[in-house]
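Okay, handing you the structure first.
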Amino acid sequence: MVVRKFLWKEMERLPEGLTDRGLEVLLKKHDEAVYHLSRVKGFLHQIKQP
């Protein structure tokens, strides 16, 4: 959860010169990071189960 909060805080501080394309790529990479974090969380939860 801490990593997700950090990612959102970074999204709130976008550079002034960010282009539309840069924002598009950043949003895509953010979504990918959140997706992978969810998968890791699921995996860790799964291996904890007997």
Side-chain angles (χ1 to χ4, degrees):
M1 238 3 167
V2 174
V3 175
R4 288 183 189 179
K5 287 180 184 178
F6 179 78
L7 287 174
W8 277 114
K9 285 188 183 277
E10 287 299 310
M11 295 292 286
E12 293 172 353
R13 301 182 316 142
L14 299 176
E16 289 183 27
L18 188 63
T19 64
D20 289 342
R21 174 71 178 137
L23 180 59
E24 181 183 323
V25 170
L26 181 63
L27 291 172
K28 182 180 180 201
K29 294 298 181 181
H30 177 268
D31 289 347
E32 288 175 7
V34 170
Y35 168 76
H36 289 296
L37 286 170
S38 293
R39 292 206 52 195
V40 168
K41 181 180 178 182
F43 170 75
L44 292 174
H45 179 73
Q46 189 178 44
I47 64 172
K48 188 171 76 170
Q49 302 297 327

- Message: If hydrophobic clusters are built from ILVMFWY residues whose side chains come within less than 4.5 Å, do Leu14 and Val25 share one?
- Response: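 No; tracing contacts between hydrophobic side chains, which count when under 4.5 Å, never links both residues.
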
- Does a salt bridge link Glu32 with Lys29, judged by any charged N lying under 4.0 Å from a carboxylate O? yes

- Query: When hydrophobic residues are tied together by side-chain contacts of less than 4.5 Å, even through go-betweens, does Leu27 share a cluster with Val3?
  - Reply: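 No, no single cluster joins them.
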
- Could you tell me the separation between the CG atom of Asp20 and the CD atom of Glu24, rounded to the nearest 0.5 Å?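 So the gap between those two atoms works out to 8.5 Å.
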
- Item | Single-linkage hydrophobic cluster, 4.5 Å side-chain cutoff, Ile47 and Val40 together | yes

- Is Leu18 reachable from Met11 through a run of hydrophobic residues whose side-chain heavy atoms are each under 4.5 Å from the next?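 In one cluster with Met11: Leu18, yes.
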
- Task: Quick one: closest heavy-atom pair of Arg4 and Val34, and the distance?
- Result: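 Reported closest heavy-atom pair: NH2-O, 3.9 Å.
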
- Task: State the CG-NE2 distance between Asp31 and His36, to the nearest 0.5 angstrom.
- Result: 11.0 Å

